[in-house]
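Before any comments, here is the structure.
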Amino acid sequence: MELYDTQVTSRLLLGTAQYPSPAVLADAIRESGTEVVTVSLRRESADGSGAGFWDGLRGRGLRILPNTAGCHSVQEAVTTAHMAREIFGTPWIKLEVIGHADTLQPDVFALVEAARVLASEGFAVFPYTTDDLVVGEKLIEAGCEVLMPWGAPIGSGQGLRNPDALRAMRAHFPGVPLIVDAGIGRPSDAARAMELGMDAVLLNTAVARAGDPVGMAGAMARAVEAGHAGYRADPMEPRDMAVPSTPLLGLAELA
């Protein structure tokens, strides 16, 4: 998988918030096999109190994808992205501009505007967006080379609420990396997303809040691999009626 001219082997991207301890987070990252982790700017404060957390990730050779979580306006998101680039030393940014307090649905109008500003300033923008085709087109026109449609509201664990829309996005953007971001609750959700042709899955809560985060990280990694392999194998289409696996012709006739 290629993301902004960077080759990435693992198709599972992992968030780093809400884990019971740094040790559990480290074990989950290792078990997941991920190469890209998302980090909120709030985990690295101006007084340096987050240095241990940041150094721990950096020492593992991981690709850091800072995010603008919690931003509700274009200016707030752009300013946060600038700070993240300076602190983490990367042009990659997961762009979030929240428009609805309860569902955390993106404000797609502000999202497109912020993406246009950041792309013009050399950022590699990973926009957290809805599964709307027109919004996706506007984001591509703004300079995004990756789209990150939601599966369901952040942290809800509802899985894929609109698989038909994700399938339509895959057909409409055949050459654009699509990463399902938000809503994944179970390994079956991750596998389903990949079976629809998504290029990767980004998740956090499903692993961090599991009874066994390390075990769930491994399960998610295997689900992503299985779903991707299944998609590439061109699975059969569902049928309305049963079709016998054993041919009827040539069967013995018993008197």
Going by side chain to side chain donor-acceptor pair (under 3.5 Å), name the residues that satisfy it together with [X], two or more places apart in sequence or in a different chain.
| X | answer |
| --- | --- |
| Gln7 | Glu2 |
| Arg222 | none |
| Thr79 | Gln75 |

Return each pair, listed once, that meets salt bridge (charged side-chain N to carboxylate O under 4.0 Å, His left out) where at least one residue sits in [range]; pairs must be two or more places apart or across chains.
| range | answer |
| --- | --- |
| residues 172-184 | Lys94-Asp181 |
| residues 100-120 | none |
| residues 82-93 | none |

Any residue meeting side chain to side chain contact (heavy atoms under 4.5 Å, CB included) with [X], in chain and number order, not counting sequence neighbours:
| X | result |
| --- | --- |
| Tyr19 | Leu14, Val24, Leu25, Ala28, Asn204, Val207, Ala208, Pro213 |
| Gln158 | Ala152, Pro153, Ser156, Arg161 |
| Arg186 | Ser188, Asp189 |
| Arg209 | Gln18, Thr205 |

*Residue pairs, two or more places apart or on separate chains, that pass ring-ring contact (aromatic ring centres under 6.0 Å, His included) and touch residues 120-146*: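 Non-adjacent pairs meeting ring-ring contact (aromatic ring centres under 6.0 Å, His included): Tyr4-Phe126, His82-Phe123, Trp92-Phe126.
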*Would you mind listing every ring-ring contact (aromatic ring centres under 6.0 Å, His included) that reaches into residues 145-188, with sequence neighbours excluded?*
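Pairs touching residues 145-188 that pass the test: none.
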